[in-house]
Amino acid sequence: MSSIVTLSEFIMERQADFPYASGDLSRLLADIGIASKIVNHKVNKAGLQDILGAMESTNVQGETQMKLDVFADNALLNAVRWGGQVCGAASEENEKYFTFESEICKKSKYVILFDPLDGSSNIDVNVSIGTIFSVFRRKSSVGDLANVNDFLQKGSEQVAAGYVIYGSSTMLVYTTGHGVNGFTLEPSIGEFCLSHENMRIPEDGTIYSINEGNLMSCSPGVQAYVNWCKQTDKKTQRPYSARYIGSLVADFHRNLIKGGIYMYPGTVKSQEGKLRLQYESNPLAFIVEQAGGKASDGKGRIMDIQPSSLHQRAPLFIGSKNMVELVERLIAEENN
Ligand code: AHG
Ligand code: MN
Ligand code: MN
């Protein structure tokens, strides 16, 4: 029988690879693992929760039932606040970042940014959703309160990033810049267990993922690429397959394993597309690069973008290396 390696065991084992590291990052990853189990538990009961929610909305306290994305937001915020390994956190759900004022948090070295629940529109229809997180070393001095510059760092400065997918099984995938590893939640013991060691994305793929309803308002380069994907060519195994779940995490995860490209380009209405650089694109860009793939905004590397505001958006082309390079090339050609 092969032995099972749990997330905590794996983190501890890897911790030994960095003799000078203090273990704070390891503890932070463990805290995120715990928070995601809490979210997972709730996600699994989403339909039932809606029934309970309707009843609770008439309770004496007059409390309104928390939506799942607010629940996930609170679960993550509480886990990292009380875990004490970060001095601040920023979330897609909140206008402003949070600074944690306890002495232990002020002394910590990191900040975290997250999309607590990705794919919100899929919650009510029992389709895969996720959580995405991104960790940076703080810019401000240890002992001070976190400030905005801690959160406005380029993706290339990330020290860890990951996601949890609440799918047909629940998985946590993360990187600390030493490759990508995936863990599947084993419900009978309630532990994430190593299931996908050293994940690599194929250099080429045959899947393209885009909300094609928007295609007419995308740039000619993007249109040219999508048309290219649909043409017949034996050598490149075209036409490719179109796959679009509408949950970035789920679309990304499938393409990471099978090879493919996910695109959320700018449109006439929204030049910068829809996805948020710091909560969605940067963390997945870190993972895809660590797995041998690429992430671009159509012109250059996602992780080289200097953010100027917390909820900034950017176009995203992410996945298999050769696919991202081709769409970049077609965009450049159309622009010239
Ligand atoms: P969120 O639920 O965190 O707001 O993110 C939704 C995002 C992403 O998960 C998904 O790929 C994309 O929105 C889908 O957008 P469209 O419905 O415009 O295709
Ligand atoms: Mn999202
Ligand atoms: Mn979200």
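Counting starts at 1 for both ligands and their atoms, in listed order. Here the structure is a predicted model, which is why all the values come from computation and not from measurement.
Side-chain atoms of N227 come within 3.5 Å of backbone atoms of Q223 as a donor-acceptor pair (strictly under, hydrogens ignored). Looking at S296, its side chain does come within 3.5 Å of a backbone N or O of G300 through a donor-acceptor pair.
Rounded to 10°, the angle formed at the Mn ion (ligand 2) by OD2 of D115 and OE2 of E280 is 100°.
The protein atom (non-hydrogen) at minimum distance from atom 10 (C) of ligand 1 is G246 O, 3.2 Å. Ranking protein heavy atoms by distance to atom 11 (O) of ligand 1, first place goes to Y262 OH, 2.7 Å. From the protein, the heavy atom lying nearest to atom 19 (O) of ligand 1 is Y244 OH, 2.5 Å. Of all protein heavy atoms, the one lying nearest to atom 1 (P) of ligand 1 is G119 N, 3.7 Å. The protein non-hydrogen atom at the shortest distance from atom 9 (O) of ligand 1 is D118 OD1, 2.6 Å. The closest protein non-hydrogen atom to atom 12 (C) of ligand 1 is K274 NZ, 3.7 Å. The nearest heavy-atom contact from the protein to atom 18 (O) of ligand 1 is Y264 OH, 2.5 Å.
At a heavy-atom distance under 4.0 Å, atoms from both the backbone and the side chain of L248 approach ligand 1. At a 4.0 Å heavy-atom cut-off, ligand 1 does not touch F252 at all. Here V249 has no heavy atoms under 4.0 Å from ligand 1, in either its backbone or its side chain.
Residue contacts to the Mn ion (ligand 3): L117 brings an N, O or S atom closer than 2.8 Å.
Note: Y279 and H311 meet the aromatic proximity criterion, with ring centroids under 6.0 Å apart.
Taking every heavy atom of E280 and a limit of under 4.0 angstrom, the matching atoms of ligand 1 come to 3 (O), 5 (O). Heavy-atom contacts of R276 reach the following atoms of ligand 1: 4 (O) (cutoff under 4.0 Å). Every atom of ligand 1 with a heavy atom of L117 under 4.0 Å away is listed here by number and element: 2 (O), 3 (O). Those atoms of ligand 1 that come under 4.0 Å of a heavy atom in S247, given as number and element, are 9 (O), 11 (O). Near E92, with a cut-off below 4.0 Å to any heavy atom, the atoms of ligand 1 are 3 (O). Every atom of ligand 1 with a heavy atom of D115 under 4.0 Å away is listed here by number and element: 3 (O).
Considering backbone and side-chain N/O of D251, none are found under 3.5 Å from N/O of ligand 1. The shortest N or O to N or O distance between S121 and ligand 1 is not under 3.5 Å.
Put simply, CE on M263 and CE on M323 are 7.5 Å apart, with the number rounded to the nearest 0.5 Å.
Just one of I165, N181, V164 meets the side-chain contact (heavy atoms from CB on, under 4.5 Å) condition when paired with L172; it is V164.
Not a single heavy atom of I245 sits closer than 4.0 Å to an atom of ligand 1.
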Could you please spell out the steps behind the side-chain contact (heavy atoms from CB on, under 4.5 Å) verdict for L25 and Y110? CA-CA 8 Å; L25 189 57; Y110 303 106; 4.0 Å; yes
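Aromatic ring orientation, Y240 versus W228: perpendicular (interplanar angle above 60°, classes split at 30° and 60°).
Nearest N/O/S atom of D118 with respect to the Mn ion (ligand 2) is recorded as OD1.
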